[in-house]
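Data first, discussion second: the structure below is written as structure tokens.
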Amino acid sequence: MLGEPQQEIAQIICAHGATISTTRATLQRAPRSLLTTSPDSTSDSDDKIVRILVEALRRHDMSIIVSESFDQWARLAAEAKRLGLISFVEAACPSTISISCHAALSTGRINPEVTFRKVLRIVVSGKVIMCRAVFGDSLNECRDGGGTDFEMDRYTSRFFLKHSNLEKAFDQLASSGYRLIHSNTFAPSQMPKHASKDDSQFIHHSQFLCPPTDTTTQPASS
């Protein structure tokens with residue numbers, strides 16, 4: 001009787017020549033991560049941190065299991081982000097993200113119906129590391145002060161997106177494991193300085209609250 005085909009072994013080389021053995025099938029559970037696409041991506045990485053991530057990939061629920069004394073969450077989140085393992089960044093450093101948008105509305109004397117003009121700006125609030133992990137190059141940080149010694153734990157409400165496409169922002173959140181649970185809208189406020197005789201323009205403000213899905217972090221069994 002023929003046995004099951006052997007799985008192809010993959011060797012992950014970390015700093016100081018430390019090696020982690022796994023299977024290519026395990027790494028393919030995160031097909032876009034550097035663990036899969038770039039064999040040299042861990043050459044300067046701490047093998048203890050990388051091993052936690054690889055062990056999580058092996059589990060059916062991809063849960064992160066560490067000892068109760070583990071205190072390297074910031075390093076774990078940073079390494080997961082660098083390797084493109086966004087769901088693990090979330091597990092190591094969970095944070096609710098909210099996005100707010102200012103949209104211009106207008107009513108005219110000829111056409112009394114309220115018409116939508118455009119989204120003026122999408123503002124992002126949440127933990128800095130998670131906002132960066134979710135939105136990447138779409139994030140504009142020019143209004144954020146930054147520069148603290150606790151960057152991994154810092155929150156901000158001063159990021160905004162370089163694009164004004166609300167659907168794209170929702171796609172970026174959904175692909176990173178976030179879900180919309182609440183939204184609210186403020187009553188429009190008139191902007192008389194920008195209104196003509198035949199047109200009144202208003203600013204319509206909406207806010208969307210998006211927490212991550214349930215984190216998979218668990219304590220290691222004794």
Side-chain angles (χ1 to χ4, degrees), residues 30-34 37-38 41 73-74 76-107 114-191 193-195 199-215:
R32 295 193 181 99
S33 78
L34 293 181
T37 62
S38 180
S41 61
W73 291 107
L76 181 63
E79 185 69 7
K81 177 188 175 186
R82 189 184 70 81
L83 294 174
L85 299 167
I86 300 302
S87 62
F88 293 159
V89 179
E90 176 188 311
C93 196
S95 165
T96 293
I97 292 177
S98 67
I99 58 174
S100 307
C101 68
H102 303 286
L105 308 175
S106 65
T107 58
V114 175
T115 57
F116 177 83
R117 284 195 167 180
K118 64 179 180 178
V119 173
L120 302 179
R121 175 172 288 181
I122 300 176
V123 178
V124 178
S125 304
K127 187 170 285 188
V128 168
I129 186 173
M130 287 310 305
C131 293
R132 289 172 176 165
V134 170
F135 295 108
D137 293 339
S138 298
L139 202 63
N140 191 321
E141 303 183 25
C142 69
R143 294 177 64 238
D144 181 67
T148 72
D149 294 332
F150 305 100
E151 189 73 5
M152 300 296 299
D153 297 321
R154 187 167 66 85
Y155 286 81
T156 184
S157 59
R158 299 182 65 82
F159 286 162
F160 62 93
L161 299 183
K162 296 176 182 178
H163 62 78
S164 58
N165 190 320
L166 197 56
E167 290 78 10
K168 181 178 179 179
F170 284 137
D171 282 345
Q172 289 174 299
L173 284 161
S175 64
S176 297
Y178 283 75
R179 67 192 189 283
L180 175 66
I181 64 164
H182 179 73
S183 63
N184 60 72
T185 299
F186 293 89
S189 57
Q190 191 173 15
M191 299 187 303
K193 294 181 180 179
H194 301 286
D199 189 47
S200 293
Q201 188 173 355
F202 300 85
I203 285 293
H204 183 79
H205 181 84
S206 298
Q207 188 174 47
F208 306 90
L209 189 65
C210 303
T213 54
D214 293 337
T215 62

Between C210 and Y178 the two heavy atoms that sit nearest each other are O-CD2, 3.1 Å
The reported gap from NE2 in H102 to CD in Q207 (rounded to nearest 0.5 angstrom) is 10.0 Å
Residues A77 and I129: closest non-hydrogen pair is CB-CD1, 4.0 Å
Closest heavy-atom pair, C101 versus V119, reported as atoms and distance to 0.1 Å, is CB-CG1, 4.0 Å
Between C131 and F159 the two heavy atoms that sit nearest each other are CB-CD1, 3.9 Å
Within a radius of less than 6.0 Å around CG of N184, do more than 12 heavy atoms belonging to other residues, nucleotides or ligands occur?
yes
Residue set satisfying salt bridge (charged side-chain N to carboxylate O under 4.0 Å, His left out) with R82, at least two apart, ordered chain then number -> E79
dist K162:NZ -> L139:CG (nearest 0.5 Å) comes out at 8.0 Å
Quiz prompt | CA sep, side-chain torsions, deciding dist, call: I99, V123, side chain to side chain contact (heavy atoms under 4.5 Å, CB included) | solution = CA-CA 5 Å; I99 58 174; V123 178; over 6 Å; no
The side-chain hydrogen bond (donor to acceptor under 3.5 Å, both in side chains) partners of S157 (sequence neighbours excluded) come to none
Separation between CZ (R32) and CD1 (I86), nearest 0.5 Å, reads 11.5 Å
Here the gap from D137 atom CG to L161 atom CG, rounded to the nearest 0.5 Å, amounts to 12.0 Å
Notebook entry, point to check: Mind checking whether P211 and R179 have side chains closer than 4.5 Å, heavy atoms only?
Noted result: yes
Residues at least two apart in sequence or cross-chain that pass side-chain hydrogen bond (donor to acceptor under 3.5 Å, both in side chains) with S98, listed by chain then number, are none
Of all heavy-atom pairs linking V134 and Q172, the shortest is CG1-O, 3.6 Å
side-chain contact (heavy atoms from CB on, under 4.5 Å) test vs F208 passes for just one of I122, L180, L173, namely L180
- In sequence, state the C-alpha distance, the side-chain angles, and the governing distance for F135 and I97, and then conclude on side chain to side chain contact (heavy atoms under 4.5 Å, CB included). CA-CA 11 Å; F135 295 108; I97 292 177; 4.3 Å; yes
